[in-house]
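In what follows, a structure is listed as structure tokens, so that the remarks can point back to it.
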Amino acid sequence: MSEEKFYFQTEAAELLNMMISSVYSNRDIFLRELISNASDALDKRRIETLKDSELAENTNPEIKIEIDPDKKILSVSDNGIGMTREELIEYLGTIAKSGTKEFLKAAKDENAKQELIGQFGVGFYSVFMVAEKVEVISRKLGTDKTYKFTSSADGSYTIEEVEQRGECGTTVKLFIKAQDDKKEDPDSKNYLDEWTIREIISKYSDFISWPIIFKDKTINSQKAIWQRPDKEITEEEYKEFYKHLTHDWQDPLTHIKINAEGSTNFKGLLFIPSQAPYDLFMNPQSGGVSLYINRVFIMNDCKNLIPDYLRFIRGVIDSEDLPLNISREILQDEPIIRVIKRSTTRKIFNELKKILKEDREKYIKFWKPFGRMFKEGILQDRENSKTLINLALFRTTHSDEWTTLEEYESRMQPGQEGIYCLAGRDNLAALKASPKLEPFVKKGYEVLLMSDPVDEVILSDSRFMWPEDMKKLLNIAQDDVTPQTADEKKESEEKIKSLEKDFELVKNKALEIFKDKLEDVKPSLTLTSSPACLREAAGGISFQMEALMRSAGHPVPPQKRILELNAEHPIIKKLIEMTQAGNNDERVADVIKILYDQSVILEGAMPEDPAGYAARVNELMKIALEG
Ligand code: ADP
């Protein structure tokens, strides 16, 4: 039977090259990866044979490790699900993992490379850190053909049909690289040495639920870690279990142990990863909690076990009360699952509360990658909105530190009606520069700076949907929110009235130019350094939200806004003079257009006619420079 030659997909080849020259300090993990893959393959086979009993071959499921120091071969075999010829090509010849391109781009220099390898997790390819050649011999469950994949990581691999494997499953044969004795490498280990192998397995893979056979004996305890008492388990064991489960190469941020006893019994071990995986936002389904029933693996990523906005949580839930043959469809309506979900969610909240209280730094580490997702829950999970909002962190004008709403409230000024908020852009620095903050900052009020896209939805939701006893969020971008007491409001309204006459001509002109875009033009007494700003009419939406909704295909009625002009500003004073003189119509129109466009830019949006805007600014600059 002849062998066929293939070339690795570009990214795969690059990644491979990187591995072969890698000096990644923890090379041992290649074995953890292989054993994890073998264990997954055994899980998959079990599930398949449950569905179709004809597939059950008469075997003992196991993972077998063998070493042959003379031939320099280390092999890992399993009698799991196996791979077809096409699957060998698809799984080993290409990398489907999203974010690979970005990863490779980021990993150009050697230091970055070492650091990133650990973050990205290269799975099977990690074998090339220790092997110069790899053979993967596999027979898929239910087929009678066996194929061999061979590669020396030189950009290509071959596939050929070989003599039939006795049983379905996979053998990975590593031809271990000769040790470079001249190079002083403290991490260099002999992977053909019996004790080295024993040590690595007991460190990384002891909890694997299938027997790992080495030198004719089972060498792992196979104890399900979530079933063991907490005090017996070391931090190291938790970490290794997490890595096995998630294929993440980094330590988790924290683990949450659940032991529910009562009408529904279940145990769980959940983890918050320390970083969002590369594809968390691109592929929101990549998280997940696995379901076990009585220690038997049932499925990965069981969505019904955890609310969608907690999809970054990983781990295991093991219930004694469910039937083993449960299907995905049935799960949805299974009352036990609903009970588990509720209680698990509560447990996660409690853990987060505890971290927030006791270890702020750790909490911020959780919040940075996952806060955005977590906040979706405020909108999705009405039952828990209150808990969720109290667990949220925000930026504010008070300092560069994160704050909770409770902390904000403790700093509120006497008589302050609610929490002042400014939402809008995906850019904190731009938000901080917004002229809308001026009157609030001038009066010493703190304002929340909400720069995540979901924040604005939360703001408008809070206005209409939140019960009385929930925090009152006030959107300062809206017309009716000002930092004034009732008396001050009255006083300034009178003052504005007296100014209105002066403003009348400017207002008429602006409304004439922007009849579709402006609802009103008002003098402002609260802006300090900026000449103008745009406000949303009460209940209106920001430019960003408008764009977001349009891009998602929602029809948005044209938004009319309010242009506020700073009555004290020299430009505005001059503008009023010019309109009153009545002989400079074109210049007046230009200035109004520039002020409007500027305000649009300050909202983080684009002027409708950028070229026209630039031309008008240039014209004024010319005059200023000549003058
Ligand atoms: P990951 O395990 O993170 O998906 P790997 O590079 O380790 O990435 O493996 C790629 C894929 O190859 C796996 O998802 C699996 O489908 C397949 N695979 C690897 N090892 C085995 C094995 N021993 N048996 C069956 N399939 C395997």
Side-chain angles (χ1 to χ4, degrees), residues 8-9 11-16 18-19 29-49 55 59 61-66 74-100 103 117-131 134-143 145-151 153 157 159 165 167-174 204-205 208 210 212-213 242-250 273 277-279 283 285-288 290 297 300-301 314:
F8 284 102
Q9 168 213 29
E11 282 101 46
E14 249 181 86
L15 206 54
L16 268 180
M18 207 153 127
M19 294 322 290
I29 47 83
F30 80 90
L31 194 54
R32 174 186 80 199
E33 297 294 307
L34 291 182
I35 292 176
S36 255
N37 283 347
S39 164
D40 291 349
L42 287 163
D43 286 341
K44 286 181 195 157
R45 177 171 183 191
R46 220 204 85 252
I47 304 271
E48 281 306 307
T49 45
L55 288 173
T59 63
E62 61 183 28
I63 300 165
K64 205 173 189 166
I65 317 278
E66 284 163 304
L74 164 67
S75 68
V76 177
S77 307
D78 62 71
N79 44 8
I81 190 146
M83 285 175 273
T84 62
R85 177 181 173 280
E86 287 67 36
E87 284 170 341
L88 283 168
I89 296 170
E90 187 186 332
Y91 296 151
L92 307 184
T94 58
I95 299 181
K97 203 164 166 174
S98 59
T100 310
F103 163 74
I117 286 176
Q119 288 180 18
F120 188 67
V122 287
F124 171 76
Y125 289 178
S126 60
V127 297
F128 287 106
M129 295 193 292
V130 301
V134 176
E135 289 177 3
V136 180
I137 299 123
S138 197
R139 185 187 142 201
K140 173 90 177 198
L141 174 70
T143 71
K145 294 212 164 144
T146 304
Y147 293 94
K148 182 167 90 175
F149 162 107
T150 309
S151 178
Y157 59 94
I159 297 223
R165 208 174 180 277
E167 200 190 344
C168 70
T170 304
T171 298
V172 180
K173 258 188 187 177
L174 308 184
Y204 293 112
S205 309
I208 294 284
W210 305 102
I212 301 173
I213 313 288
Y242 165 78
K243 290 177 183 173
H244 158 70
L245 195 72
T246 60
H247 297 221
D248 188 350
W249 282 31
Q250 301 208 80
Y278 275 83
D279 53 359
N283 169 18
Q285 307 314 340
S286 72
S290 305
F297 171 79
N300 273 324
D301 191 16
R314 307 296 191 94

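In each ligand, atom 1 is the first atom listed, and ligand 1 is the first ligand listed.
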Heavy-atom contacts with Gly123 under 4.0 Å: which atoms of ligand 1 show up? List them by number with element. 6 (O), 7 (O)
If you count the atoms of ligand 1 from 1 in the order shown, which ones are under 4.0 Å from a heavy atom of Phe124? 5 (P), 6 (O), 7 (O)
Under a 4.0 Å heavy-atom limit, does Glu33 contact ligand 1 with its side chain, its backbone, both, or neither? neither
Would you kindly specify which portion of Asp78 sits under 4.0 Å from ligand 1, judged on non-hydrogen atoms: side chain, backbone, both or neither? side chain
Find the distance between CD (Glu167) and CG (Asn79) and round it off to the nearest 0.5 Å. 4.0 Å
Flag Asn37 as yes when one of its N or O atoms lies below 3.5 Å from any N or O atom of ligand 1, and as no otherwise. yes
Among all residues two or more places apart in sequence or in another chain, which pass the side chain to side chain donor-acceptor pair (under 3.5 Å) test with Lys140? Glu87
What pairs with Lys44 under side chain to side chain contact (heavy atoms under 4.5 Å, CB included), at least two apart in sequence or on another chain? Ile81
Checking Phe149, Tyr147, Tyr91 against Met83 for side chain to side chain contact (heavy atoms under 4.5 Å, CB included), the one that qualifies is Tyr91
What one should report as the nearest heavy-atom pair of Thr146 and Arg165 is OG1-N, 2.8 Å
